[in-house]
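Here's the structure we're looking at; comments come further down.
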Amino acid sequence: MSVRNKISRRRFLATSAMASVPLAAPGILKAQAADTIKVGMPTILSGVVSILGESSVAGAKLVFDEFNAQGGLDGREIELITRDSRAKPEEAAKTVRDLVNGEGCNIIIDAEASSGSFAVQEVIRGLGALCLHTVSEATPLSADPKLHVPTAFRSARQGIHDAIGGGAYAAEIAKEKGLKRWVTCSPDYAYGRTTTAEFMEYAQYFNGDIEVIGEAWPKLFQPDFTEVITRILQWKPDALYSALWGGDLVSFIDQANLYALFGQMETFSVNLGDYPVLKAVEQLPEGLRSGNRYNKSVPNTPENNAFYDAYVANSGSLPTNWSWENATGATFIVEALKEVGTDDPNQLAEAIKGRTIQSPFGVDGTLTMRAEDNTLVGYAVGYGVTTPQEPFITDFHTSSWDQILELEAEWKKRQGFA
Amino acid sequence: MELDALFSCLTSMSCLITQTTSGLIIGMLFFLVAAGLTLIFGVLGIVNFAHGAFYMAGAYFGYTIFQFTGSYAASVLGAGLGAAVLGVLFERFAIRRVYGENVLLQLLVCYGFVLVADDLVQIIWGSEYLSMGMPPAFRLPPFFVAGGVIPPFYVFIIGIAALIAAALWWLIERTQYGRIIRATSVNPTMVSALGIPTPLVYLSVFALGLFLAGLAGGLAAPIRALTPGMGFSVLIISFVITVIGGMGSVAGALVAALLIGLTRSFGSIGFPLFVDGMMYVLMGLVLVIKPTGLMGREEASRP
């Protein structure tokens with residue numbers, strides 16, 4: 001055997017070994033992938049409200065990226081698997097089954113609109129995965145004991161909390177300015193109807209002089225609000241309450257400006273205070289009363305400002321209400337993982353139940369996942385006044401959580417939920 | 001039902017003026033979209049389910065041109081032309097292959113285009129809501145006429161839409177090109193036998209229809225939030241208008257659009273919870289009484 005042949009053999013072996021690396025790599029990568037903690041996330045990534053999905057993913061990703069950068073859970077990183085439900089509840093339900101049974105996700109972040117979340121809740125009941133509802137604000141999802149699932153939590157706002165805080169604020173302004181005749185204009189589906197009813201219930205609870213003289217229910221994603229705007233003008237109210245949101249709210253304001261509507265009545269809009277809406281409205285009227293969604297000055301802390309900066313740097317877009325709600329859900333997951341050291345859904349649920357986390361979105365710097373109904377409390381609730389320039393919302397009035405919790409308890413009794 | 005409120009509105013000059021002008025503006029904007037839809041169906045026999053996507057494209061083109069030029073006129077014209085160019089490409093590479101095919105196949109091609117268009121808009125302009133804002137020339141307080149409120153911008157839109165309706169009528173009824181279109185819609189084989197290139201006629205009609213859709217998107221951009229998928233809601237109402245007016249009839253589309261506009265405007269006073277329902281009741285009534293629509297033809301040959 002010649003030297004050349006020997007060298008050739010060595011070279012052959014070395015080359016073979018090198019060549020085998022790419023062949024073996026998928027197996028290695030697969031083994032690594034199998035070792036990740038898989039978090040499934042059904043959300044809306046296409047169509048009119050794709051911003052919901054994009055900002056939800058960005059919010060959750062910000063937290064998970066940081067967790068992974070710090071080494072994950074003993075080297076196990078979180079792998080976020082997103083799926084587009086196209087705003088269809090049946091698709092959201094199917095997607096969750098696929099994520100749990102097919103992808104092996106023990107953890108689900110449900111970033112669906114309310115109709116999808118109710119469907120997801122029932123799927124979670126059957127599958128037993130850990131679920132964080134991060135978008136739905138419909139109160140019954142967590143308040144109705146019949147819907148309770150031990151491994152499902154809500155890290156989003158809850159309609160009744162905003163209604164109590166907003167109702168108290170509206171009642172105070174109504175007393176001050178003598179606003180007695182009110183009309184409402186909200187989207188014609190479960191969220192719009194329940195949110196509006198709850199807000200007006202508490203506005204009237206705090207101020208008995210308030211009377212609702214008209215209700216307009218435009219369809220979701222209706223392109224033209226002209227007939228609704230002229231109808232509101234015909235009622236000649238003192239004040240208007242609206243739960244319109246997103247692009248519908250932008251269109252409504254643009255079209256209502258043409259009729260000088262906002263100069264003729266005091267307006268309370270629970271969903272106006274979101275950056276994408278505030279930035280989109282080219283002629284934002286001054287003096288509208290806006291509910292808090294997400295604003296870097298509410299609460300005005302270095303932590304909240306840091307979240308805003310990090311979010312913008314990471315995603316290249318402005319944070320929304322959905323961003324903080326998803327970042328919060330993700331934080332609860334990360335904290336629970338650190339505590340229990342496994343992605344077992346039942347152990348994680350036990351760790352999240354009643355847990356208090358440090359958070360830039362809490363009024364006192366903390367947020368709590370209330371144990372009695374697996375829902376979030378302690379976030380910033382309140383109203384401010386619009387101004388056309390940054391920070392867009394000024395004179396912010398923070399609602400008292402003592403009052404919210406007391407009245408919520410009474411409300412639950414009346415509803416038969418407690 | 002709030003019939004007393006409706007009666008009170010009908011007897012009040014201020015309410016009559018406000019609701020009539022709001023009915024006209026609702027109707028006229030829908031007419032521009034529906035006119036293209038019905039024109040394409042009348043000549044090509046294609047139910048263009050992708051029509052809303054061109055309305056959306058027009059709105060986004062208009063928005064972008066306005067950002068660069070600050071000229072609303074340029075943005076509206078660019079919106080129409082941009083949608084027409086897109087339409088030419090769509091006809092040349094997709095729709096032309098399904099002329100005379102099963103309507104389900106046409107639907108599939110159009111639906112595929114809608115999905116691609118929505119995703120492209122999301123990639124290019126992002127998923128955030130965009131608003132062009134009112135052009136400075138129209139940032140005026142509303143007119144108050146006998147207590148009624150009329151926004152100056154809406155007077156402009158109604159005027160422009162009326163001009164376009166008149167121009168369309170003239171083009172179709174009084175020009176050689178219009179005669180060719182009408183002849184092609186009835187007997188394309190004979191038109192072809194006379195040496196007129198019918199594929200070019202189809203292409204030009206498709207482009208014209210989508211020019212109108214894009215124009216409507218550009219005109220409406222200052223008062224509509226721009227989002228991916230925004231064309232869908234406009235499409236549904238445009239189909240209702242097309243069916244009521246008669247598939248293929250531009251004049252019918254105008255009458256139906258105004259009828260729908262006024263129904264929605266006064267309906268919001270008299271039956272606020274049944275405004276959309278009333279629109280479909282109206283469509284059902286027309287279909288029962290006159291199945292071809294208010295001004296539709298009995299039948300026509302298709303390419």
Side-chain angles (χ1 to χ4, degrees), chain A residues 44-55 86-87 188 214-235 245-261 263-264 274-277 279-284 316-318 320, chain B residues 2 5 8-9 12 14-15 18-19 21-23 25-26 29-30 55 115 118-119 122 126-134 138-142 144 148-154 220 222-234 237 261 263-269 272-273 275-276:
Chain A
I44 304 166
L45 290 164
S46 57
V48 180
V49 284
S50 49
I51 188 174
L52 182 156
E54 289 196 357
S55 62
R86 292 172 285 140
D188 190 11
E215 296 175 347
W217 301 104
K219 294 279 178 284
L220 195 60
F221 311 140
Q222 181 169 314
D224 198 319
F225 291 90
T226 306
E227 82 247 11
V228 175
I229 291 162
T230 53
R231 183 67 185 102
I232 292 169
L233 289 173
Q234 301 303 334
W235 274 316
W245 57 276
D248 284 0
L249 182 56
V250 175
S251 294
F252 178 79
I253 294 173
D254 281 342
Q255 292 170 27
N257 272 338
L258 294 176
Y259 286 91
L261 180 138
Q264 298 175 52
D274 228 351
Y275 283 117
V277 173
K279 291 255 182 186
V281 178
E282 288 288 327
Q283 291 170 276
L284 180 68
S317 57
L318 296 169
T320 66
Chain B
E2 296 177 24
S8 148
C9 179
S12 150
S14 65
C15 186
T18 305
Q19 295 309 117
T21 50
S22 78
I25 182 62
I26 295 167
L29 275 175
F30 281 128
Y55 165 85
L115 294 180
D118 285 354
D119 282 353
Q122 200 168 327
S127 59
E128 293 193 0
Y129 329 111
L130 299 178
S131 171
M132 179 194 277
M134 191 53 55
F138 295 105
R139 290 184 187 177
L140 304 166
F144 289 92
V149 191
I150 308 173
F153 181 66
Y154 282 176
I223 47 164
R224 301 272 162 89
L226 276 54
T227 55
M230 65 182 278
F232 184 72
S233 52
V234 175
I237 299 178
T263 301
R264 293 191 71 91
S265 175
F266 284 97
S268 69
I269 304 273
L273 297 178
V275 174
D276 283 307

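Numbered from 1 within each chain, the chains take letters A, B, ... in sequence-line order.
Here Ser127(B) is the residue among Gly261(B), Ser127(B), Gly229(B) with the most heavy-atom pairs under 4.5 Å with chain A. Comparing Asp118(B), Val234(B), Thr18(B) by how many heavy-atom pairs each has under 4.5 Å with chain A, the most go to Thr18(B). With respect to chain A, the highest number of heavy-atom pairs below 4.5 Å among Pro152(B), Pro151(B), Gly133(B) belongs to Pro151(B). Among the candidates Thr21(B), Asp276(B), Ile25(B), the residue making the largest number of heavy-atom pairs closer than 4.5 Å to chain A is Asp276(B). Counting heavy-atom pairs under 4.5 Å between each of Gln222(A), Gln255(A), Glu215(A) and chain B puts Gln255(A) at the top. Counting heavy-atom pairs under 4.5 Å between each of Pro272(B), Ser265(B), Ser233(B), Cys9(B) and chain A puts Ser233(B) at the top. Among Phe30(B), Phe153(B), Tyr154(B), the residue making the largest number of heavy-atom pairs under 4.5 Å with chain A is Tyr154(B).
With a threshold of 4.5 angstrom between heavy atoms, Tyr259(A) approaches chain B through its backbone and through its side chain. Both the backbone and the side chain of Val277(A) have a heavy atom closer than 4.5 Å to some heavy atom of chain B. The contact between Leu45(A) and chain B is made entirely by backbone atoms, counting heavy-atom distances below 4.5 Å. For Leu140(B), no part lies near chain A; criterion is any non-hydrogen pair under 4.5 Å. The contact between Lys219(A) and chain B is made entirely by side chain atoms (from C-beta outward), counting heavy-atom distances below 4.5 Å.
Sorted by first and then second residue, the salt bridge (charged side-chain N to carboxylate O under 4.0 Å, His left out) pairs with a member in residues 246-259 of chain A form an empty list; sequence neighbours excluded.
Side-chain N or O atoms of Ser131(B) include none that pairs as donor or acceptor with a backbone N or O of Val281(A) at under 3.5 Å. Put simply, the side chain of Glu54(A) never gets that close to the backbone of Gly126(B): no donor and acceptor are under 3.5 Å apart.
Scanning both residues, Ser46(A) and Gln122(B), for their nearest heavy atoms gives CA-OE1, 3.9 Å. The two residues Ala5(B) and Arg231(A) come nearest to each other via the heavy atoms CB-NH2, 3.9 Å. Taking all atoms of both residues into account, the shortest heavy-atom contact from Pro228(B) to Ser50(A) is CG-OG, 4.1 Å. Shortest non-hydrogen contact noted between Ser317(A) and Glu128(B) is CB-OE2, 3.3 Å.
Side-chain contact between Glu227(A) and Val275(B): present, with at least one pair of heavy atoms (C-beta onward) separated by less than 4.5 Å. The shortest distance between side-chain heavy atoms of Arg264(B) and Thr226(A) does not fall below 4.5 Å.
Electrostatic pairing of Arg139(B) and Glu282(A) does not count as a salt bridge here, judged by no charged N lying under 4.0 Å from a carboxylate O.
Counting non-hydrogen atoms of other residues, nucleotides and ligands closer than 6.0 Å to CZ of Phe232(B) gives a total of 12 or fewer.
Thr230(A) and Gln19(B) share a side-chain donor-acceptor pair at under 3.5 Å.
Scanning for side-chain contact (heavy atoms from CB on, under 4.5 Å) contacts around Thr227(B) gives Val48(A), Tyr129(B), Met230(B), with sequence neighbours left out.
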